[in-house]
Amino acid sequence: MIVASKKRKENIAEYILYMWQIEDIIRANKLDIELIRKNVIDKFNVSDDERRQLVEWYESLIDMMRREGVTEKGHLQINKNILNQLVQLHQALLADPSFPEYTAEFYRTLPFIVELRGKAGENQTGEIETCFTALYGMLLMRLQQKNPSEATLKAMQQISRFVALLAKDFHLDEEDKLFKHEDDNQNPANSESVQSPEK
């Protein structure tokens with residue numbers, strides 16, 4: 001919960017991968033809060049109050065996973081919602097000629113996405129989710145101390161660059177600093193307020 005809230009503010013891509021990992025940790029512990037307390041929460045060096053908050057956080061996630069039917073596989077709706085926001089932003093960036101760097105990065109990544117989707121067979125997902133699935137797969141390989149091939153490393157490096165750019169733009173968009181507004185160039189008062197120092 002503490003790590004999750006920090007990642008949510010700082011890097012949305014890391015947040016999604018972290019939350020997917022939390023889902024898997026809950027499944028590995030059989031959706032049993034006592035097992036999670038023993039195997040996960042008790043290993044944190046936190047205060048009693050923070051420990052209680054962690055227990056409550058895991059309990060709420062367990063409850064959501066049961067209600068949403070993702071106890072064995074799949075992702076929580078709260079995580080899907082953020083992924084959908086990224087998909088919408090991705091589409092908006094591609095449609096806006098003001099972001100040639102983003103578009104170029106995407107087209108450099110696209111061959112790897114197409115290859116990964118080809119390997120997925122019937123379980124194909126959208127372009128952005130495919131990227132996150134690949135990154136999560138790499139995370140699991142590292143945790144299992146497996147060595148990826150050179151081709152896989154090359155693909156992951158490009159996908160990482162692209163997702164990092166999307167994540168950066170996501171946070172700029174949240175602060176309303178990404179897209180130009182129609183009145184930005186028309187209203188001189190706006191340009192003055194942008195240049196004036198904060199009081």
Check: Ile26 and Ile22 side chains under 4.5 Å, non-hydrogen atoms: yes
If you compare all heavy atoms of Val70 against all heavy atoms of His75, which two are closest, and at what distance to 0.1 Å? CG1-O, 3.7 Å
Give, for atom CD of Glu59 and atom CE of Met64, the distance between the pair rounded to the nearest 0.5 Å. 12.0 Å
Interatomic distance, Lys80 atom NZ to Glu68 atom CD [nearest 0.5 angstrom]: 7.0 Å
Looking only at side-chain N and O atoms, does Gln77 offer a donor or acceptor that is under 3.5 Å from a partner on Asn81? yes
Output the distance between atom CG (Asn147) and atom OG1 (Thr152), rounded to the nearest 0.5 Å. 11.0 Å
Any donor-acceptor N/O pair, Glu50 side chain to Ser47 backbone, under 3.5 Å: yes
Would you indicate whether Glu101, at its atom CD, is surrounded by more than 12 heavy atoms from other residues, nucleotides or ligands within a distance under 6.0 Å? no
Salt bridge check: are Glu56 and Arg52 linked by an N-O gap of less than 4.0 Å? yes
Let me see the working for Ile16 and Leu86 under side-chain contact (heavy atoms from CB on, under 4.5 Å), right down to the final yes or no. CA-CA 11 Å; Ile16 289 173; Leu86 285 170; 3.4 Å; yes
Taking the side chain as every heavy atom from C-beta outward, state whether Arg117 and Glu127 have any atom pair closer than 4.5 Å. yes
OG1 on Thr109 to CD on Gln158, rounded to 0.5 Å: 4.0 Å
Is there a side-chain contact (heavy atoms from CB on, under 4.5 Å) between Phe162 and Phe112 once you walk through the steps? CA-CA 11 Å; Phe162 166 64; Phe112 300 112; over 6 Å; no
Do Arg51 and Asp42 sit within salt-bridge range, that is, some charged N less than 4.0 Å from a carboxylate O? yes
State, to 0.1 Å, how close Leu178 and Asp169 come at their nearest heavy-atom pair, and which atoms those are. CD2-O, 3.4 Å
So, do Met65 and Arg27 sit near enough that their side-chain heavy atoms are less than 4.5 Å apart? yes
If you count every heavy atom of other residues, nucleotides or ligands that lies below 6.0 Å from Glu175 atom CD, does the total exceed 12? yes
For a quick check under 3.5 Å, do Asn29 and Tyr58 share a side-chain donor-acceptor pair by atom type? no
Working note: Arg161 + Leu165, criterion side-chain contact (heavy atoms from CB on, under 4.5 Å); need CA distance, chi angles, decisive distance, verdict. CA-CA 6 Å; Arg161 272 196 299 271; Leu165 189 57; over 6 Å; no
If we check side chain to side chain contact (heavy atoms under 4.5 Å, CB included) with Leu89, which of these qualifies: Ile12, Leu166, Ile128? Leu166
Of Tyr102, Phe170, Phe99, the one forming a ring-ring contact (aromatic ring centres under 6.0 Å, His included) with His90 is Tyr102
Give, for atom OH of Tyr15 and atom CD1 of Ile82, the distance between the pair rounded to the nearest 0.5 Å. 4.5 Å
Could you measure the distance from the CD atom of Glu115 to the CD1 atom of Ile113? Nearest 0.5 Å is fine. 11.5 Å
The test is side-chain contact (heavy atoms from CB on, under 4.5 Å); show your working for Arg142 and Met138 and say whether it passes. CA-CA 6 Å; Arg142 285 187 181 135; Met138 175 60 75; 4.0 Å; yes
Asp49-Gln53 side chain donor-acceptor pair, cut-off 3.5 Å: yes
Is the backbone of Ala92 close enough, under 3.5 Å, to the side chain of Asp96 for a donor and an acceptor to pair up by distance? no
Check: Asn79/Glu23 side-chain N/O donor and acceptor closer than 3.5 Å: yes
Please tell me if the side chains of Val87 and Glu129 come closer than 4.5 Å, counting only heavy atoms from C-beta onward. no
Gln21 side chain near Leu17 side chain, heavy-atom distance below 4.5 Å: no
Heavy-atom side-chain contact between Trp20 and Thr133 under 4.5 Å: yes
Other residues, nucleotides, ligands: >12 heavy atoms within 6.0 Å of Gln144 CD: yes
